[in-house]
There are 2 protein chains.
Amino acid sequence: MAPELHARLDRSSPVPLYFQVASRLQALIERGEIGVGARIENEIDLAERLGVSRPTIRRAIQYLVERGMLIRKRGVGTQVVHPKVRRPVELSSLYDDLVSSGRTPRTEVLQLTVMPVPAQAAAALEIELGTEVTWIERLRYAGGEPLALMHNAIPLGVLRPDRADLAEHGLYELLRRAGHVPRIATQMIGARSATSAEARTLTEKRGASLLTMSRTAWDAAGHVLEYGSHVYRASRYSFELSLSTH
Amino acid sequence: MAPELHARLDRSSPVPLYFQVASRLQALIERGEIGVGARIENEIDLAERLGVSRPTIRRAIQYLVERGMLIRKRGVGTQVVHPKVRRPVELSSLYDDLVSSGRTPRTEVLQLTVMPVPAQAAAALEIELGTEVTWIERLRYAGGEPLALMHNAIPLGVLRPDRADLAEHGLYELLRRAGHVPRIATQMIGARSATSAEARTLTEKRGASLLTMSRTAWDAAGHVLEYGSHVYRASRYSFELSLSTH
DNA sequence: GTCAATACTTTGTCCTGACAAACTCACATG
DNA sequence: CATGTGAGTTTGTCAGGACAAAGTATTGAC
């Protein structure tokens, strides 16, 4: 087996042992030193060789199983099924996605007001009709071209962003910075034709196909953070996601 | 605390103890007997009261944490964040989705041939251009109306379905029955306008917006099972998904 | 040679015990 | 009154052991 696995683990590190083990295994698999289909050493030997207990090894392997890199079969062993980390869909904002894919997002804030919550957002946010919320309308550019028209409703108690913040950062970044970490979300992805106003704003032809996404996000305490209703130029954008069952 | 949690666990059952505990907790939370925001009993007391060890309780709680129902904080405790099970996106077929939402799917097999793999599918399936595959074109109805036009490419070694099977079952069911369990998939969701042929088949107007989804699925051993390229009537269908970070 | 019983390997479940780290809150101190 | 110190609570990590269940390979009977 590869040399990395022989190196001693750092017991003085704040990084948990199971995570150190998982990271090493992951690196070996990503570099192809343990090929797809190959079996890794059994848990008991691995534990002994690395000088940790079997539960620690199991936890490390479990971590990689959940990421879709490994699968285990009782009586058989643990096999590599995929060399890349297949992250489940992430709870990220378009802004972060664009940045991490090397593009340069720019945001134009079209509207920023406090107003009674629109009907569709009220249901999603689980708040009374008539309650005031911050209502935001933004136009997101990537590579100099308009990409998406975004509408958000945010409860007043959660965040009161200003135009400058919104122009320079993603909404999720602002939420996180305010101590509201999005943890859970439900999304609906659909499609429809652009209205003439939308077509004009997005520099598309009238009736062009748009990808729609609406999302409600909650924090760890179960409080609603935001409702968003966005349209994307289907000619420039699509959603990509990986799934795994375990 | 609610009475269900007091009932004795069944140690003779093949259902693991941690799962029995998780199921009970889940039921209590879903019925609202432990409200959102409420803290559940700490692990050590819970373990003692149910007569199991703390690792078993931890595993049960972990299971619900991963499903987005509970969150834990060191030094604080474990809280209910959402009363419904938030399943992560599932690796299921449209057919199964329709059945489980109480609709009655019907499938019309438009084409079923063995032919050289189309270029787009070759890349997704990671096979040589020119290799022969089973090529399927299906029209899926729900509630008497056409809903989706589906194209699939399947390696010959994986499955050789016949028309009758395809008309009566979902593709994923056939795959599973043949011993090929889909475990990992990558999907792209986008949108575009219908061609006139598509519009005719789906009884939409020409140029109507369609939701597109292409997917590649692998089994546990990392073998490619299928590539699918589907279009859905955006007026009748959208994708719904829940996400959580943990 | 075929097929069933058996031994072996490997992961799955569960236990007890221990200490560490993060958080809360009361209390003493300036 | 503000502040930080320390005790108490709760989850996080880790050890080591035991047996069960599922699969694989070998062996033996017919």
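Letters A, B, ... are given to chains in the order of the sequence lines, protein chains preceding strands, and every chain is numbered from 1.
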- Quick one: does Y18(A)'s side chain get under 4.5 Å of V21(A)'s, heavy atoms only? no
- Query: Out of curiosity, Q79(B) CD to R72(B) CZ, how far, rounded to the nearest 0.5 Å?
  - Reply: 13.5 Å
- Do any side-chain nitrogens or oxygens of T56(B) fall under 4.0 Å of OP1 or OP2 in dC15(C)? yes
- Checking all strands, does S53(B) fall into the base, sugar-phosphate, or nothing category for heavy-atom contacts under 4.0 angstrom? base
- Query: Does R58(B) make a side-chain N or O approach to OP1 or OP2 of dG12(D) shorter than 4.0 Å?
  - Reply: yes
- Message: Looking at dG12(C), I'd like to know if its phosphate oxygens (OP1 or OP2) sit under 4.0 Å from a side-chain N or O belonging to R72(A).
- Response: yes
- Message: Rounding to an integer number of Å, can you tell me how far I71(A) CD1 sits from dG12(C) P?
- Response: 11 Å
- Task: Answer with base, sugar-phosphate or nothing: what part of the nucleic acid does L17(A) contact at a heavy-atom distance below 4.0 Å?
- Result: sugar-phosphate
- Item | Rounded distance [0.5 Å steps], OG1 in T131(B) versus CE in M115(B) | 12.5 Å
- Query: To the nearest angstrom, how far is K73(B) atom NZ from dA20(C) atom C1'?
  - Reply: 20 Å
- Query: With respect to the side chain of R74(B), which nucleotide from dG12(C), dG12(D), dG16(D) is positioned closest?
  - Reply: dG12(D)
- Is there a donor and acceptor pair closer than 3.5 Å between the side chain of R54(B) and the base of dG12(D)? yes
- Could you check which of dT10(C), dC15(C), dT10(D) has an atom nearest any side-chain atom of N42(A)? dT10(C)
- In whole angstrom, what separates L9(B)'s CG from dC14(C)'s C1'? 13 Å
- Query: Any idea which of dT13(C), dC14(D), dG12(D) is nearest the P16(A) side chain?
  - Reply: dC14(D)
- Item | First encountered from the 5' end of DNA chain C, between P55(A) and G75(A) | G75(A)
- Y18(A) side-chain proximity, nearest of dT13(C), dT11(C), dC14(D): dC14(D)
- Message: Please check: side-chain N/O of E226(B) versus main-chain N/O of N152(B), any donor-acceptor pairing under 3.5 Å?
- Response: no
- Query: What is the distance from CD of E48(B) to C1' of dC15(C), rounded to the nearest Å?
  - Reply: 15 Å
- Report yes if a side-chain nitrogen or oxygen of R11(A) is closer than 4.0 Å to either non-bridging phosphate oxygen (OP1 or OP2) of dC19(C); otherwise report no. no
- Message: Does this structure show an ion pair linking E41(A) with R49(A), if we count only N-O contacts that are shorter than 4.0 Å?
- Response: yes
- Quickly work out the L70(A) CG to dT10(C) P distance and round it to whole Å. 16 Å
- Item | Options dT11(C), dT11(D), dT16(C), nucleotide nearest the side-chain atoms of I44(B) | dT11(D)
- Message: Tell me the interatomic distance from E43(B), atom CD, to dT10(D), atom C1', rounded to whole angstroms.
- Response: 8 Å
- Query: Think T78(A) has a side-chain N or O under 4.0 angstrom from the OP1 or OP2 of dT11(C)?
  - Reply: yes
- Task: Report yes if some heavy atom in the side chain of T107(B) is under 4.5 Å from a heavy atom in the side chain of L166(B); otherwise report no.
- Result: no
- Item | Whole-Å distance separating the CD atom of Q62(B) from the P atom of dC14(C) | 15 Å
- For Y63(A) and dC14(D), what is the distance between atoms OH and C1' respectively, to the nearest whole Å? 19 Å
- Item | Residue R39(B), side-chain heavy atoms: nucleotide from dT10(D), dT24(C), dG23(D) that is nearest | dT10(D)
